[in-house]
Amino acid sequence: MKIGAQLYTVHNHTQTLEDFSATLRKVADIGYKTVQVSGTCPYEPEWLRDELSKNGLECVLTHIPPARILEEGADKIVADHKTFGCRNIGIGIMPFYTGRKVWTLEDYHIFRENFIPIAKRMKELGTVLHYHNHFQEFRDVFAEKSLLDRMLEDFPEGSLNITLDLGWAAWADQNVVKLIEKYNGYLSRIHLKDYMEPIPENIIEERAYLRPIYEGILDYDTYIKALAKTDCEYMLVEQDNSYGEDEFDCLARSYKNVTDRFPKVK
């Protein structure tokens with residue numbers, strides 16, 4: 001396994017091409033060799049290819065807005081990704097099609113209708129669609145099956161992987177190790193996320209107080225050892241909010257904390 005940086009962690013520093021370029025250099029200087037591109041300004045695929053190469057980085061996953069995938073189509077999205085050497089195309093969240101803040105089965109049915117053909121075509125073109133969970137996928141609204149279970153049953157074999165976000169799964173009161181074991185075979189790229197409890201009084205309107213890996217309450221020794229027994233290739237650090245701390249420092253602390261304990265993941 002290798003450790004990588006989910007660039008959404010530093011999305012405030014990727015909103016112009018100049019800042020995006022500087023961010024890739026800073027991430028590489030920390031020691032990361034792989035990144036997930038997410039939450040950035042628009043870019044040409046050739047530009048990203050050259051910037052990655054210049055910094056010795058590999059893009060191993062993206063998050064592309066679902067509406068853009070539907071608008072541009074699988075062929076265009078895949079062609080762009082192949083230009084910068086990425087064969088794993090991610091969706092960060094399923095749209096709330098019915099306008100509610102909690103998904104219903106109707107939302108999922110619309111998503112399934114829209115994205116099964118996309119996933120099939122991406123597979124034909126030699127790429128894989130990835131779905132990233134938050135906490136809602138495990139809510140009781142889906143009755144006896146989680147949203148992830150439904151997806152893996154409904155999408156054709158080999159057309160969908162799960163970017164299992166360990167932090168959000170834990171926050172949803174899931175047994176993370178059991179999920180890792182359950183979804184083995186679909187976990188080539190996962191997210192590392194940690195959090196503290198209770199939430200400090202000055203941190204308002206947050207569901208979880210996010211921290212660098214190993215600076216929260218989650219048992220990452222156990223998680224990483226469980227991941228080592230699966231098909232996981234890349235563990236991508238994602239800290240959505242740094243609460244005024246330097247985002248690059250948070251990424252660096254996560255990198256050091258993980259690689260000090262597991263030197264082989266570099």
Side-chain angles (χ1 to χ4, degrees), residues 1-16 18-41 51-52 55-63 90 92-93 132-135 163-172 176 189-224 227 232 234-266:
M1 293 188 298
K2 297 181 181 179
I3 189 171
Q6 213 298 43
L7 294 185
Y8 189 78
T9 305
V10 290
H11 68 273
N12 290 326
H13 304 277
T14 62
Q15 299 311 302
T16 68
E18 182 180 5
D19 286 347
F20 191 0
S21 177
T23 288
L24 291 172
R25 174 178 51 79
K26 291 177 182 178
V27 168
D29 286 345
I30 291 170
Y32 289 101
K33 302 297 183 185
T34 59
V35 296
Q36 176 181 351
V37 173
S38 173
T40 72
C41 64
E51 290 293 318
L52 292 168
N55 290 286
L57 293 169
E58 178 186 7
C59 176
V60 298
L61 182 63
T62 60
H63 272 171
I93 192 169
H132 165 260
N133 67 280
H134 290 76
F135 59 91
T163 307
L164 185 65
D165 189 304
L166 308 189
W168 283 130
W171 195 85
V176 174
R189 286 122 177 88
I190 61 92
H191 280 181
L192 307 182
K193 182 184 272 90
D194 209 344
Y195 61 87
M196 286 289 291
E197 290 180 341
I199 297 177
E201 292 182 1
N202 64 315
I203 305 297
I204 59 174
E205 297 183 356
E206 286 291 306
R207 297 185 182 276
Y209 177 45
L210 304 177
R211 308 305 303 143
I213 309 305
Y214 279 103
E215 295 183 21
I217 64 173
L218 299 185
D219 183 4
Y220 267 99
D221 279 354
T222 298
Y223 295 174
I224 294 173
L227 286 167
C232 182
Y234 297 98
M235 304 184 297
L236 301 159
V237 174
E238 182 180 49
Q239 186 177 336
D240 306 59
N241 197 332
S242 298
Y243 314 103
E245 292 186 69
D246 183 272
E247 293 97 331
F248 295 99
D249 181 62
C250 289
L251 269 182
R253 281 150 56 193
S254 286
Y255 180 86
K256 185 177 188 303
N257 292 342
V258 173
T259 58
D260 279 355
R261 293 167 173 82
F262 296 92
K264 293 183 179 180
V265 306
K266 292 180 181 180

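- Once rounded to the nearest 0.5 Å, the distance linking CZ of Arg211 with CG of Asn241 reads 9.5 Å.
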Donor-acceptor contacts under 3.5 Å from residues 190-198 side chains, at least two apart:
from, atom 1, to, atom 2, distance (Å)
His191, ND1, His132, NE2, 3.2
His191, ND1, Glu238, OE1, 3.0
His191, NE2, Gln36, OE1, 2.7
Lys193, NZ, Asp165, OD1, 3.4
Lys193, NZ, Asp165, OD2, 2.5
Lys193, NZ, Glu238, OE1, 2.9
Lys193, NZ, Asp240, OD1, 3.4
Asp194, OD1, Ile217, N, 3.3
Asp194, OD1, Leu218, N, 3.2
Asp194, OD2, Tyr214, N, 3.1
Asp194, OD2, Gly216, N, 3.1

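- For the pair Lys2 and Tyr234, the cation-pi test (distance below 6.0 Å, angle within 45°) is failed.
- For Glu215, the side chain to side chain donor-acceptor pair (under 3.5 Å) test picks out Arg253, Asn257, with sequence neighbours left out.
- Distance check: Leu236 CG to Thr163 OG1 gives 8.0 Å after rounding to the nearest 0.5 Å.
- Every residue meeting the side chain to side chain donor-acceptor pair (under 3.5 Å) condition with Glu247, not counting sequence neighbours, appears here in chain and number order: Asn12, His13.
- The side chain to side chain donor-acceptor pair (under 3.5 Å) search around Lys256 returns Asp260, not counting sequence neighbours.
- Side-chain N or O atoms of Thr16 include one that pairs as donor or acceptor with a backbone N or O of Asp19 at under 3.5 Å.
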(message) Go through it in stages, so that I can follow the logic: the residues are Gln6 and Ser38, the test is side chain to side chain contact (heavy atoms under 4.5 Å, CB included), and I'd like the CA-CA distance, side-chain angles, deciding distance and then a yes or no.
(response) CA-CA 7 Å; Gln6 213 298 43; Ser38 173; 3.3 Å; yes
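- Residue Tyr223 comes nearest to Ala170 through the heavy atom pair OH-CB, 4.1 Å, listed as atom of the first residue, atom of the second, then distance.
- Within the 3.5 Å criterion, the main-chain N or O of Cys232 finds no donor-acceptor partner in the side chain of Arg189.
- Remark: Ile30 CD1 to Arg25 CZ distance equals 11.0 Å, nearest 0.5 Å.
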(request) Just do the side chain to side chain contact (heavy atoms under 4.5 Å, CB included) check on Val37 and Leu61 with the steps written out, would you? (result) CA-CA 7 Å; Val37 173; Leu61 182 63; over 6 Å; no
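- Annotation: side chain of Asp29 is not in contact with side chain of Phe248 (no heavy-atom distance under 4.5 Å).
- Looking at residues two or more places apart in sequence or on another chain, you find a side chain to side chain donor-acceptor pair (under 3.5 Å) between Thr222 and Asp219.
- Between the Ser254 side chain and the Val237 main chain, no donor and acceptor come within less than 3.5 Å of each other.
- Partner Val27 forms a side chain to side chain contact (heavy atoms under 4.5 Å, CB included) with one of Asn55, Thr9, Val35 and no other, that one being Val35.
- Summarising the geometry, atom CD belonging to Glu245 is positioned 4.5 Å from atom SG belonging to Cys250; distances are rounded to the nearest 0.5 Å.
- In this structure, Leu227 and Leu166 have side chains that are in contact, with non-hydrogen atoms separated by less than 4.5 Å.
- Residues passing the side chain to side chain contact (heavy atoms under 4.5 Å, CB included) test with Ile199 are Ile203, Tyr209, sequence neighbours excluded.
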(request) Please lay out, stage by stage, how Leu210 and Tyr243 fare under the test side chain to side chain contact (heavy atoms under 4.5 Å, CB included). (result) CA-CA 9 Å; Leu210 304 177; Tyr243 314 103; 3.8 Å; yes
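- Atom CE of Met235 and atom CG of Leu164 lie 13.0 Å apart (nearest 0.5 Å).
- Using a 4.5 Å heavy-atom cutoff, the side chains of Phe20 and Glu51 are not in contact.
- From Tyr8, atom OH reaches atom CD of Gln239 across 12.5 Å, with rounding to the nearest 0.5 Å.
- Taking all atoms of both residues into account, the shortest heavy-atom contact from Ala169 to Asn133 is N-ND2, 4.1 Å.
- Counting only distance, with no hydrogens or angles, the side chain of Trp171 and the backbone of Arg207 share a donor-acceptor pair below 3.5 Å.
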(message) side chain to side chain contact (heavy atoms under 4.5 Å, CB included), that's the test. Do Tyr32 and Leu251 meet it? Break it down for me.
(response) CA-CA 9 Å; Tyr32 289 101; Leu251 269 182; 3.8 Å; yes
